[in-house]
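Written below as structure tokens is the structure these notes are about.
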Amino acid sequence: MESLSTKETTSKDCNGDSVFENVVRAPDVPVYAVMVAYSKDPSPVKLNLGIGVYRTEDGKPHVLNVVRRVEKLLLDDVSATKEYLPITGMAEFNKLSAQLVFGADSPAMKENRVTTVQCLAGCGSLRTGADFLAKHYHQHTVYLSQPTYGNHPNFFLAAGLTLKTYRYYDPITRGLDFQGMLDDLGSAPSGAIVLFQVCSHNPTGVDPTLHQWEQIRQLVRSKGLLPFFDNAYQGIVSGSLDMDAQSVRMFVTDGGECLVAHSYSKIMGLYGERVGALSIVCKTADVAKRVESQLKLVIRPMYSNPPIHGASIVTAILKDREMFDEWTVELKAMIDRIIHLRQQLYDALRDRGKAT
């Protein structure tokens, strides 16, 4: 029989102050606050300049034709299931994703020195990598470019890592502060983690040249730094998937180790599917197997295993030559239109005396 004291306590807990009374209201995340404000604005000529997504000429969301084609095929595939994926995700997706970044003829791939796990887009890939490094790497200092993507610090801080910055953008020249970058990385402690963006640096749009990347690579290797690449825009700069991956491939060809977070949000327009992968290039195949075993233990308590639909779309496109070619044509068309729109914007601002 329930005692009176228990009843009184229960009644007080239910009717009194919230147990979360001391929770402070957090500020809105700016880019998502803009998105909400945009949706509520009744203006017929509004433009959403907040979150980075591709839009059609009339400002509507754009789904690639090849993606729609694949989804129809998946819908009609009677053999398809909705069973759980392994912790590391879809094996074929992982292999094809690594090949897209490193190249099918990459020595690291042929020697089985790359372990790749499917993650929740670029953000999930970065966070998984950060948690792995926090648990299994001896150095806990991460260097980020100044400036960098606004969410980058959050991934590493949440994993308990320490942040420092290296000079990157020069507001006077509106270009790369290359010497400042080399000086800061040159003074970093041995073993420090350095986050690089493979191409289309966010938020500056400024990338090192291939010659500068080679000098960066030499410095990183001579100092024993650990490069961690964020690969969110492969193919969006030059229109060539291979050309835009040259920076990270330099660091793989030399036989050294690195991490790469890869995302399909921008390059396939799969924003809401949250499709990405984390690849870790190791010295030997044995080390790669051990790293993968520990990545499973990082992923298991976070989300257990990744979703299947987006990875199925990506896999179908990457493994079929006709659809792959169709995708690259659509990707190039998107890039050409973005370049054209940027030029139009610049010309309009210049004509109004607002740009030089």
Side-chain angles (χ1 to χ4, degrees), residues 29-31 51-52 101 121-130 133-134 137 139-159 161-234 236-238 244-252 256-263 265-267 276 278-279:
V29 178
V31 69
I51 200 162
V101 181
C123 292
S125 303
L126 287 160
R127 178 58 194 275
T128 300
L133 292 172
Y137 188 60
Q139 175 63 266
H140 285 182
T141 300
V142 183
Y143 280 76
L144 307 178
S145 66
Q146 179 60 41
T148 194
Y149 167 50
N151 213 14
H152 275 157
N154 298 330
F155 305 132
F156 298 100
L157 289 174
L161 301 174
T162 300
L163 300 185
K164 290 192 176 182
T165 60
Y166 59 89
R167 281 171 282 179
Y168 191 86
Y169 181 70
D170 185 342
I172 297 176
T173 65
R174 300 176 187 174
L176 181 67
D177 183 359
F178 185 55
Q179 191 56 53
M181 180 183 187
L182 293 182
D183 290 344
D184 289 346
L185 294 181
S187 63
S190 176
I193 304 156
V194 184
L195 185 71
F196 295 114
Q197 296 186 43
V198 173
C199 62
S200 191
H201 182 272
N202 183 355
T204 70
V206 175
D207 295 327
T209 65
L210 290 181
H211 178 67
Q212 289 171 331
W213 270 121
E214 174 57 23
Q215 293 179 71
I216 295 167
R217 184 197 66 80
Q218 291 178 19
L219 175 61
V220 165
R221 295 311 191 197
S222 67
K223 289 280 299 183
L225 306 177
L226 179 64
F228 191 161
F229 289 94
D230 183 0
N231 188 31
Y233 303 103
Q234 185 181 348
I236 286 181
V237 176
S238 68
D244 285 356
Q246 288 304 303
S247 56
V248 67
R249 290 180 186 181
M250 287 182 181
F251 285 80
V252 177
E257 295 175 300
C258 66
L259 294 83
V260 183
H262 185 57
S263 170
S265 297
K266 303 292 192 297
I267 64 176
L278 172 69
S279 290

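All of these numbers come straight from a predicted model, not from anything done at the bench. Atom set for the values below is all heavy atoms of this structure, side chains included, hydrogens, waters and symmetry mates excluded.
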Can you tell if the side chain of [X] reaches within under 4.5 Å of the side chain of [Y], non-hydrogen atoms only?
| X | Y | result |
| --- | --- | --- |
| Leu163 | Thr165 | no |
| Ile193 | Leu133 | yes |
| Phe228 | Leu278 | yes |
| Phe155 | Ser125 | no |
| Phe229 | Val101 | no |
| Val31 | Asn151 | no |
| Tyr166 | Ser145 | yes |
| Leu219 | Met181 | no |

Which residues satisfy the side chain to side chain contact (heavy atoms under 4.5 Å, CB included) test with Arg221, sequence neighbours excluded? Arg217, Pro227, Phe251, Asp254

From the list Thr209, Ile216, Asp170, side chain to side chain contact (heavy atoms under 4.5 Å, CB included) partner of Phe178 resolves to Ile216

[X] side chain to [Y] backbone, donor-acceptor under 3.5 Å:
| X | Y | value |
| --- | --- | --- |
| Tyr137 | Gly191 | yes |
| Tyr233 | Gln197 | no |
| Ser247 | Val198 | yes |
| Asp244 | Ser238 | yes |

For the student: nearest non-hydrogen atoms of [X] and [Y], plus distance:
| X | Y | value |
| --- | --- | --- |
| Lys266 | Ile236 | CB-CD1, 3.8 Å |
| Ala130 | Leu161 | O-CD1, 3.9 Å |
| Ala121 | Ser265 | CB-OG, 4.0 Å |
| Ala245 | Gln234 | CB-NE2, 3.6 Å |
| Pro147 | Thr204 | CG-CG2, 3.7 Å |

Under the ring-ring contact (aromatic ring centres under 6.0 Å, His included) test, which residues partner Tyr169, sequence neighbours left out? none

For Tyr143, ring-ring contact (aromatic ring centres under 6.0 Å, His included) partners two or more places apart: none

Side chain to side chain contact (heavy atoms under 4.5 Å, CB included) between His152 and Leu195: does it pass, once the steps are laid out? CA-CA 9 Å; His152 275 157; Leu195 185 71; 3.5 Å; yes

Just verifying a value: how many Å separate [X] [atom1] and [Y] [atom2], rounded to the nearest 0.5 Å?
| X | Y | atom1 | atom2 | answer |
| --- | --- | --- | --- | --- |
| Gln246 | Glu214 | CD | CD | 11.5 Å |
| Asp207 | His201 | CG | NE2 | 8.0 Å |
| Cys199 | Trp213 | SG | CH2 | 9.5 Å |
| Leu126 | Leu259 | CG | CG | 10.0 Å |
| Arg167 | Leu185 | CZ | CG | 10.0 Å |
| Leu182 | Asp177 | CG | CG | 9.0 Å |

Within a reach of under 6.0 Å around NZ of Lys164, are more than 12 heavy atoms found that belong to other residues, nucleotides or ligands? no

Please report the C-alpha distance between Val252 and Cys258 in whole Å, then the side-chain angles of each, then the deciding distance to 0.1 Å, and finally whether the side chain to side chain contact (heavy atoms under 4.5 Å, CB included) criterion is met. CA-CA 7 Å; Val252 177; Cys258 66; 4.0 Å; yes

